[in-house]
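It should be emphasised that the depicted structure is a prediction, and the values quoted were computed from it without experimental measurement.
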Amino acid sequence: MTLESNKKTIEIIDYDDNLSEWVKKLNYEWLEKYFKLEKGDIISLSNPKKEIIDKGGYIFFVKIKNEKSENIIATASLLKKTDTIFELGKMAVTSKEQGNGIGKLLVKHCLDFAKNNSISTIILYSNTQLQSAIHLYKKIGFEEIPLEEGLYQRANIKMQLDLKNYSL
């Protein structure tokens with residue numbers, strides 16, 4: 001997906017080993033700002049190919065290009081739970097680009113990709129402190145479901161979207 005405006009191009013691209021460090025960099029930025037790094041974060045973000053891609057998941061990046069530069073500004077992952085259930089996670093938008101619709105664009109890309117690849121259900125874990133993210137998820141159609149204990153210390157809400165109820 002590519003969007004152009006004001007002499008800049010925003011493109012969503014698939015995972016590439018050369019970009020793996022961006023998964024860690026972008027996620028560390030927001031985790032250290034709002035929460036703390038957990039052991040699972042350190043493991044999965046240090047080797048996203050092994051921990052996400054090789055386990056059947058997907059990673060996407062948002063790249064912004066203008067006449068002078070090209071930068072990765074956001075990332076999100078679909079982590080495989082079962083053949084038909086994936087977790088939307090490891091999502092981060094660099095702070096200077098927050099509030100510009102990048103997160104919404106990236107979530108919609110992940111959901112469109114999932115629906116087009118026979119994934120039936122998307123779950124996510126979040127924290128109600130992240131009010132704009134929770135608002136976005138609800139607006140898209142995610143519904144709160146019971147949260148199991150122990151997966152993420154920072155998570156106080158679990159949400160689910162049945163993709164048969166999601167239109168592209």
*Flag yes if Val23 and Ile43 sit in one hydrophobic cluster, no otherwise; membership is Ile, Leu, Val, Met, Phe, Trp, Tyr, and two members link when side-chain heavy atoms are under 4.5 Å apart.*
no
*Rounded distance [0.5 Å steps], OG in Ser44 versus NZ in Lys39*: 12.5 Å
*Yes or no on side-chain hydrogen bond (donor to acceptor under 3.5 Å, both in side chains) for Gln160 and Thr121, after CA distance, side-chain angles and deciding distance?*
CA-CA 7 Å; Gln160 178 175 300; Thr121 305; 5.1 Å; no
Return a table of donor-acceptor pairs under 3.5 angstrom between the side chains of residues 128-137 and protein atoms on other chains or two or more places apart.
| from | atom 1 | to | atom 2 | distance (Å) |
| --- | --- | --- | --- | --- |
| Thr128 | OG1 | Asn156 | ND2 | 3.0 |

*What distance do Lys115 atom NZ and Ile122 atom CD1 have between them, rounded to the nearest 0.5 Å?*
11.5 Å
*Can you name the nearest heavy-atom pair linking Leu78 to Cys110, along with the distance?*
CD1-O, 3.7 Å
*Determine, for Phe61 and Lys63, whether the Lys NZ or Arg CZ falls below 6.0 Å from the six-membered ring centre while staying within 45 degrees of the axis.*
no
*Going through the distances and angles, do Glu97 and Asn100 end up as a side-chain contact (heavy atoms from CB on, under 4.5 Å)?*
CA-CA 6 Å; Glu97 293 292 340; Asn100 294 331; 3.2 Å; yes
*Before accepting this row, confirm whether a basic side-chain N of the pair Lys55/Glu51 lies closer than 4.0 Å to the acidic partner's carboxylate O.*
yes
*Looking at side-chain heavy atoms only, is the closest gap between Ile119 and Phe86 below 4.5 Å?*
yes
_As an exercise, state the distance from CD of Glu21 to CG of Leu26, rounded to the nearest 0.5 Å._
10.0 Å
*Spacing of Phe142 atom CZ and Asp162 atom CG [to the nearest 0.5 Å]*: 11.0 Å
*Do the non-hydrogen side-chain atoms of Tyr125 and Glu148 ever get within less than 4.5 Å of each other?*
yes
*Would Phe35 end up clustered with Ile42 when hydrophobic side chains under 4.5 Å apart are linked, directly or stepwise?*
yes
*For the residue pair Trp30 and Tyr34, does the interplanar ring angle fall in the parallel (under 30°), tilted (30 to 60°) or perpendicular (over 60°) class?*
tilted
_Any salt bridge linking Arg154 with Asp41? Criterion: basic side-chain nitrogen under 4.0 Å from a carboxylate oxygen._
yes
*Do Asn71 side-chain atoms and Ile73 backbone N/O form a donor-acceptor pair below 3.5 Å?*
no
*Looking at CE of Met91 and CG of Leu124, how far apart are the two atoms once the value is rounded to the nearest 0.5 Å?*
9.0 Å
*Start with the C-alpha distance between Tyr15 and Tyr58, add both sets of side-chain angles, then the distance that settles ring-ring contact (aromatic ring centres under 6.0 Å, His included), and finish with yes or no.*
CA-CA 7 Å; Tyr15 177 83; Tyr58 305 92; over 10 Å; no
*side-chain contact (heavy atoms from CB on, under 4.5 Å) between Ile157 and Leu147: does it pass, once the steps are laid out?*
CA-CA 6 Å; Ile157 187 171; Leu147 174 67; 5.9 Å; no
_Side-chain donor/acceptor of Glu29 to backbone N/O of Ser95, under 3.5 Å_ = yes
*Check whether any side-chain heavy atom of Ile140 sits under 4.5 Å from a side-chain heavy atom of Leu161, and report yes or no.*
yes
*Hey, could you give me the NZ/CD distance between Lys81 and Glu87, rounded to the nearest 0.5 Å?*
4.5 Å
*asked:* Counting only heavy atoms from other residues, nucleotides and ligands, does the tally under 6.0 Å from NZ of Lys80 exceed 12?
replied: yes
*Ser20 (side chain) donor-acceptor with Pro48 (main chain) under 3.5 angstrom*: no
*Could you tell me whether a side-chain N or O of Thr82 sits under 3.5 Å from a main-chain N or O of Ile85, the two making a donor and an acceptor?*
yes
*Applying side-chain contact (heavy atoms from CB on, under 4.5 Å), run through Phe60 and Leu106 and close with a yes or a no.*
CA-CA 8 Å; Phe60 305 101; Leu106 191 52; 4.2 Å; yes
*Side-chain donor/acceptor of Ser120 to backbone N/O of Thr84, under 3.5 Å*: yes
*Is the backbone of Gln153 close enough, under 3.5 Å, to the side chain of Glu38 for a donor and an acceptor to pair up by distance?*
yes
*Charged N-O contact under 4.0 Å between Lys49 and Asp54*: yes
_Can you give me the closest heavy-atom contact between Ile52 and Lys90, atom names plus distance?_
CD1-CG, 4.1 Å
*Going through the distances and angles, do Ile13 and Val62 end up as a side-chain contact (heavy atoms from CB on, under 4.5 Å)?*
CA-CA 6 Å; Ile13 58 175; Val62 177; over 6 Å; no
*Could you tell me whether the side chain of Ile123 reaches within less than 4.5 Å of the side chain of Lys158, counting heavy atoms only?*
yes
